[in-house]
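One structure is given below, encoded as C-alpha cells.
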Amino acid sequence: MRRMTRETRLSVDDFVYPIFVTHGRDVRNEIGPMPGMYQLSLDQLIAEVGEVSELGIPAVLLFGIPADKDPLGTEAYEPGGIVQEAIRVIKQTTPELMIVTDLCLCEYTDHGHCGVVVDDRVDNDRTLELLAKTATCQAEAGADMVAPSAMMDGQVGAIREALDSGGHEGTPIMAYSAKYSSAFYGPFRVAADSAPQFGDRMGYQMDPANLRQAMREIEQDIEEGADIVMVKPALSYLDVLAAASEAFDHPMAAYNVSGEYAMVKAAAQNEWLDGRRVTMEILTSIKRAGADIIISYHSKEVARWLASEE
Ligand code: PBG
C-alpha cells in the first residue's frame with residue numbers, strides 16, 4: 001500500500017556529487033568537518049569518478065584548490081588550472097559522467113572573496129569579466145555545464161555571452177540563483193580553504209530572511225539565460241524551494257550544503273541519530289519541496305542505499 005501511494009521517490013538520477021580536486025600526487029585528505037569527503041589529487045580522482053559512475057550518479061560538480069591564491073584568483077581561468085586539468089582527466093577516463101564546474105573566484109583569491117576587491121569592496125562589474133573568462137576556460141577544457149556561484153549581478157548574462165561568442169553555445173548554465181549568506185557553508189570553507197579574510201559575503205549573498213528577493217533573483221537569472229536555477233542551502237530554505245518550483249518552470253536544483261551534511265554526520269557518529277534514515281528523510285523533503293536536481297555530499301551512500309532497496 002505504501003509503495004503504491006508514495007508521492008515522492010528519490011532516484012539516483014536526481015543526484016550531483018561534489019568533488020574537491022587539489023594539486024600533488026597521492027593526496028587524499030579527509031575534510032575534518034565532512035567525514036567521508038576528501039581533497040583529491042588527479043591520480044586519486046580517477047578511482048573516485050569511476051566509482052561515482054559505477055553507482056549510476058549522472059554528474060559531478062567540481063571545486064578546485066589552487067596551488068597559489070592571489071588577489072585576482074588567476075588559477076581559476078588558467079588553461080592549466082586544477083579544475084581544467086581535472087576535467088581532462090575525467091573526460092579521458094570516465095567520459096560517460098557529466099561534468100559540472102562551480103564557477104567562482106573565492107577558492108582562488110587570497111582574500112577569499114568571490115570577486116575582485118577594490119577599496120575593501122567587491123567590484124561587481126570587474127568580477128563579471130573574470131567569471132566570463134573562467135567560464136570560457138572551463139568550457140574549453142571540456143566542462144559540460146557551468147555553475148556560477150559568485151552571486152554577482154549580471155553574471156549569468158555575462159557568462160552566456162562569453163560562452164556563445166567563444167563557440168560554446170551548447171554549454172548550459174546552472175545558476176546558483178538564490179544563494180543565501182549562510183553559516184551552513186562553514187565546513188565547505190574548510191574544504192576549499194576559502195573563508196573571507198575580512199568582512200563577510202552579505203554584500204552579494206542573500207539575507208536568510210528574504211523570500212520575495214529569491215523570486216526576483218531567480219527571475220533575473222532566467223532572463224539572462226540560466227537553464228537550471230538553484231536554491232542554496234536546501235534544508236532551511238524548503239519554503240523558498242517550494243515557492244520557486246511553483247513560480248518557475250525551469251528545472252530546479254537544490255544544494256544540500258556542507259553544514260547540513262556535517263550536522264547529520266556528527267550526530268550519526270555519536271549515535272544520536274540514525275544517519276541513514278535521517279539522510280533519506282532530509283533528501284526526500286528536498287525533493288518533495290520541488291527540487292528536480294539535488295547536489296549532495298550524500299550522493300554516493302544514497303546511490304548504494306537505493307540500489308540495496310531494489
Ligand atoms: C563558492 C561556493 C561555496 C559553496 C558552493 N560554492 C562557498 C561559499 O559561498 O562560501 C558552498 C557549498 C557548501 O557549503 O557545501 N562560492
Side-chain angles (χ1 to χ4, degrees), residues 16-24 27 29-34 37-42 44-45 48 60-87 89-90 99-117 122-123 126-139 141 143 145-152 155 159 174-176 179 181-182 184-201 203-205 230 232-233 255 257-259 261-262 295 297:
V16 176
Y17 185 59
I19 294 183
F20 298 91
V21 287
T22 190
H23 290 274
V27 183
N29 286 341
E30 187 159 25
I31 299 157
M34 300 172 73
M37 290 298 300
Y38 301 83
Q39 298 174 332
L40 299 171
S41 54
L42 297 179
Q44 298 286 315
L45 175 67
E48 184 74 19
V60 289
L61 174 62
L62 294 183
F63 293 96
I65 299 138
D68 293 300
K69 298 184 189 248
D70 60 37
L72 295 178
T74 317
E75 197 182 313
Y77 40 88
E78 276 171 356
I82 187 68
V83 162
Q84 284 71 266
E85 295 287 3
I87 295 168
V89 167
I90 300 172
I99 303 176
V100 189
T101 46
D102 185 80
L103 209 180
C104 192
L105 297 179
C106 66
E107 293 110 84
Y108 303 91
T109 53
D110 51 7
H111 45 70
H113 277 287
C114 300
V116 181
V117 171
V122 173
D123 185 323
R126 282 193 62 195
T127 303
L128 295 184
E129 289 166 37
L130 298 185
L131 293 174
K133 208 165 147 180
T134 306
T136 306
C137 189
Q138 292 176 341
M145 178 157 76
V146 297
S149 67
M151 284 302 276
M152 295 299 129
Q155 63 180 10
I159 289 164
M174 175 165 73
Y176 287 69
K179 179 173 175 182
S181 177
S182 170
F184 283 101
Y185 308 151
F188 174 94
R189 292 179 189 171
V190 174
D193 185 23
S194 64
Q197 298 304 302
F198 66 90
D200 54 45
R201 300 210 207 289
Y204 39 102
Q205 298 183 348
M230 193 196 300
K232 175 189 175 199
Y255 201 138
V257 300
S258 57
Y261 178 82
I295 303 163
Y297 305 101

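Values reported hereafter were calculated over all heavy atoms of this structure, with side chains retained and with hydrogens, waters and symmetry mates removed.
- Residues A191 and M34 share a closest heavy-atom pair of CB-SD, 4.1 Å.
- A heavy-atom distance below 4.5 Å is found between the side chains of M230 and I295.
- Side-chain N or O atoms of Q84 include one that pairs as donor or acceptor with a backbone N or O of E78 at under 3.5 Å.
- Geometric assessment of K179 against the ring of Y255 yields a negative cation-pi assignment under the 6.0 Å and 45° thresholds.
- Taking the side chain as every heavy atom from C-beta outward, L105 and T127 approach each other to under 4.5 Å.
- Formation of a donor-acceptor pair under 3.5 Å by the E107 side chain with backbone atoms of P66 is not found in this model.
- With rounding to the nearest 0.5 angstrom, the CD atom of Q155 is 9.0 Å from the SG atom of C114.
- Here the side chains of D110 and D68 are not in contact, with every heavy-atom distance at 4.5 Å or above.
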Evaluate side-chain contact (heavy atoms from CB on, under 4.5 Å) for H113 paired with R201, printing each intermediate quantity in order.
CA-CA 7 Å; H113 277 287; R201 300 210 207 289; 4.2 Å; yes
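- The residue from I65, I19, V27 that alone fulfils the side-chain contact (heavy atoms from CB on, under 4.5 Å) condition with L40 is I19.
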What do the steps show when you test I87 against T101 for side-chain contact (heavy atoms from CB on, under 4.5 Å), and what is the final call?
CA-CA 9 Å; I87 295 168; T101 46; 3.7 Å; yes
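- Remark: side-chain polar atoms of Q197 are paired, donor with acceptor, to backbone N or O of A195 under 3.5 angstrom.
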Kindly indicate, with the supporting measurements, whether the criterion side-chain contact (heavy atoms from CB on, under 4.5 Å) is fulfilled by V257 and Y185.
CA-CA 7 Å; V257 300; Y185 308 151; 3.8 Å; yes
Give the intermediate values and the outcome of side-chain hydrogen bond (donor to acceptor under 3.5 Å, both in side chains) for residues D102 and Y176.
CA-CA 9 Å; D102 185 80; Y176 287 69; 2.6 Å; yes
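- Residues L103 and Q138 have side chains in contact (heavy-atom distance under 4.5 Å, counting atoms from C-beta outward).
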Check against ring-ring contact (aromatic ring centres under 6.0 Å, His included), F20 and F188
CA-CA 10 Å; F20 298 91; F188 174 94; 5.6 Å; yes
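- Here CE of M37 is found 5.5 Å from CD1 of I31. Values are rounded to the nearest 0.5 Å.
- T136 contributes a side-chain N or O that, together with a main-chain N or O of A132, makes up a donor-acceptor pair within less than 3.5 Å.
- When all heavy atoms are compared, the tightest approach of R189 to P196 is NH1-CD, 3.9 Å.
- Here S41 contributes atom OG and E48 contributes atom CD; the two are 11.5 Å apart, rounded to the nearest 0.5 Å.
- The CG atom of D123 lies 9.0 Å from the CD atom of E129; values are rounded to the nearest 0.5 Å.
- Taking 4.5 Å as the limit, some side-chain heavy atom of I90 sits within range of a side-chain heavy atom of L45.
- Nearest approach of P18 to F63, heavy atoms of both residues: CB-CE1, 4.0 Å.
- Applying the side-chain contact (heavy atoms from CB on, under 4.5 Å) test between Y77 and each of T134, V83, L131 identifies T134 as the sole match.
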Stepwise, does the side-chain contact (heavy atoms from CB on, under 4.5 Å) test hold for Q44 with Y38?
CA-CA 10 Å; Q44 298 286 315; Y38 301 83; over 6 Å; no
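- With ring centers used as reference points, Y297 lies 6.0 Å or more from Y17.
- Heavy atoms only, all atoms of each residue included: P233 and S182 are closest at CG-OG, 3.4 Å.
- Judged purely by distance below 3.5 Å, without hydrogens or angles, the side chains of T22 and Q39 never pair a donor atom with an acceptor atom.
- Counting all heavy atoms, side chain and backbone alike, L61 lies closest to A147 at CD1-CB, 4.3 Å.
- The minimum heavy-atom distance between K69 and A192, with the atom names listed, is NZ-O, 3.4 Å.
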